[in-house]
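Below, chain A is the first sequence line, B the second, and so on; all start at residue 1. Side-chain atoms are counted along with the backbone in the values below, which use heavy atoms only and exclude waters and symmetry mates. Remember, predicted model here, so these are calculated numbers, not experimental data.
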Amino acid sequence: MKLSKSWVIAAKDFRTFRKKRNVISSLIVVPLIVAILIPLVISFAGHRNGQNGIPATELLTLLPAFAFFYVMIAAYIPTPIASYTIIGEKVEKSLEPLLATPTTDGEILLGKGIAAFLPSLAAVLGGSALFMAVMDLVTRSKIGYYYFPNWNTAAVMFLLAPLAILFSVELNVIVSSRVSDVRTSQQLGALTVLPFAALYVSGELNLVDLGSLSNLLIIAGVLLVVDILLFFVSRATFRREEILTKWK
Amino acid sequence: MIEAINLTKRFGNLTAVDGISFQVDEGEVFGLLGPNGAGKTTTVRMLCCLISKSGGEARIAGYEVGKDPDSLEIRRLIGLVPDNVGLYDDLSAYDNLDFYGKLYECTEEKRKANIQRLLTMLGLWEKKDVLVGTFSKGMKQKLAIARALVHDPKVLFMDEPTANLDPESSKTVRDFILDLKKEKRTIFLNTHNLDEAQRICDRIGILNIKLVAVGTPQDLERSLSGRKTVITLKEASKEVLAALKQLPLEDITVDGNTLTIGVSNPEEQNAAIMEAIVKAGGQVISVNITSSSLEDVYLKLVRRTDS
Ligand SMILES: Nc1ncnc2c1ncn2[C@@H]1O[C@H](COP(=O)(O)OP(=O)(O)OP(=O)(O)O)[C@@H](O)[C@H]1O
Ligand SMILES: [Mg+2]
């Protein structure tokens, strides 16, 4: 397997993404809205009845969960772009000439993975950085210091989010190379959020302590193993023939 | 260069290609001619290692089709113009070709040189930076051909390269194929255009799920036994027809004063025919020998296998 070939495929996809407005907006819109909306809600909440907003003690229990929120976003963001990398080729019927080149399944899958991973990572990191900056601005006066960044958010941004993106990219690539239409692919792909949403809710229900760095690291470790397994699964389930003949 | 032995493809219980055997030599242009659904695309896809075969064997340049390490070698060696061009509409013509050049691991120099040469030959060099999405069908088809050639393949597979093209673009593509032939490339061409097959192919295989016939266009024409002699008389009288019936001729059709006579060997039989006509008092206005066309052969063979 040659990394350089995967990179050629990824670089080609980057160039085509630039022309796809819906792909770009799918990357930008959600992180941007979350980064602005949640801090706004936090700053306006609790102002009714003459109260002075959410008290600092409560803020300190709310904020850690928001870090994990970005893991959920990380799992959601790659769905459109990852399924587009495969489905786009199917729609343009460009898979046949591509598969006729001396490129292996692994090289193609890795290339598609990189093509979906890097823009998603950029979107999640950019979005979370913006989120932290705005949140700091909003909460500083209450809690007296800049809450973000901290070790937990570092673990989320540089470990959990990338691994969650990878998880989502891999599942989406598997799904979109096997289904025969765009909508099914997107609907199934969106399910990748579920495990993370479940974790997030468990966190809110105090079933899991997502504020604990060691817990985050354990989750990251599990995710890493799953991601590695998924790559082999995707390679084993990639059926050139079906991809060519089952697509209408 | 290309060899198939009993090559078979089944989709469920539908047999798309049934035990075909043929051989294509290096530098030869081989045409696979057949009606819609005959299995042409399926055959090419099997040979290009895109779909598996259900039975039989095939080899390209000695590499085994369907064996894993060999299929990578085969793909390195071949170029494919698929039935759907499958170009990237959001990339320029140049970038489309460059992408493929990179996948074939051509050096930058080679890519540059080949892309310029191919685009120039096909009259697309001025459009090299234009997005392919704006191209006409003919331009896309030509670009797909250029794409299949970026890496200088020894063997080129083309699936109906002139389908959907206007006569002028078809001609450009055909002339281009003839140029490629001069470069000693082996070309495997799918088509349902008889005229095209006749003009550019060294040998033709007629496919209708099974391979019905293989040979040079001339061989095939000759294979439909005999040719026809068309005679126009001043008057096709009963006496003349009666006289002709005495001769060992295959069949005679009369249309007004024009007789079309099936003959297996016109060089010898025509003299006897003339003699018989003249003796019976007939006056000959014109005599023509027509050979049965490839079209006749094709239609006859395809119909025979259909029924
Ligand atoms: N993926 C598939 N699944 C099931 N049947 C298929 C599949 N691909 C092709 N076939 C069938 O195999 C037969 C041969 O198809 P093929 O596309 O090879 O014909 P063709 O000669 O290329 O025809 P055309 O001139 O229309 O391009 C057809 O009956 C077709 O319906
Ligand atoms: Mg076809």
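Ranked by heavy-atom pairs under 4.5 Å with chain A, the first of D83(B), L87(B), V85(B), V81(B) is L87(B). Chosen from Y104(B), F157(B), Y88(B), the residue pairing most often with chain A at heavy-atom distances under 4.5 Å is Y88(B). Counting heavy-atom pairs closer than 4.5 Å to chain A, the top residue among I78(B), L80(B), D95(B) is D95(B).
The neighbour count for K137(B) NZ, taken as heavy atoms of other residues, nucleotides or ligands under 6.0 Å away, does not exceed 12. Shown here is D68(B), whose CG atom has no more than 12 heavy atoms of other residues, nucleotides or ligands within 6.0 Å.
The backbone N or O of I5(B) lies less than 3.5 Å from no partner atom in the side chain of E57(B), so there is not a single donor-acceptor pair.
Counting heavy atoms from C-beta outward, S26(A) and K20(A) have side chains that stay 4.5 Å or more apart.
Counted by atom type alone, E89(A) and S94(A) present one or more donor-acceptor pairs between their side chains at under 3.5 Å.
Within the 4.5 angstrom heavy-atom criterion, atoms from both the backbone and the side chain of I9(A) approach chain B. Looking at E105(B), only its side chain comes within 4.5 Å of chain A, counting heavy atoms on both sides. Looking at L131(B), only its side chain comes within 4.5 Å of chain A, counting heavy atoms on both sides. Heavy-atom distances place the side chain of K19(A), and not its backbone, under 4.5 Å from chain B.
For the ring-ring contact (aromatic ring centres under 6.0 Å, His included) with F196(A), the lone residue among Y76(A), F69(A), F167(A) that qualifies is F167(A).
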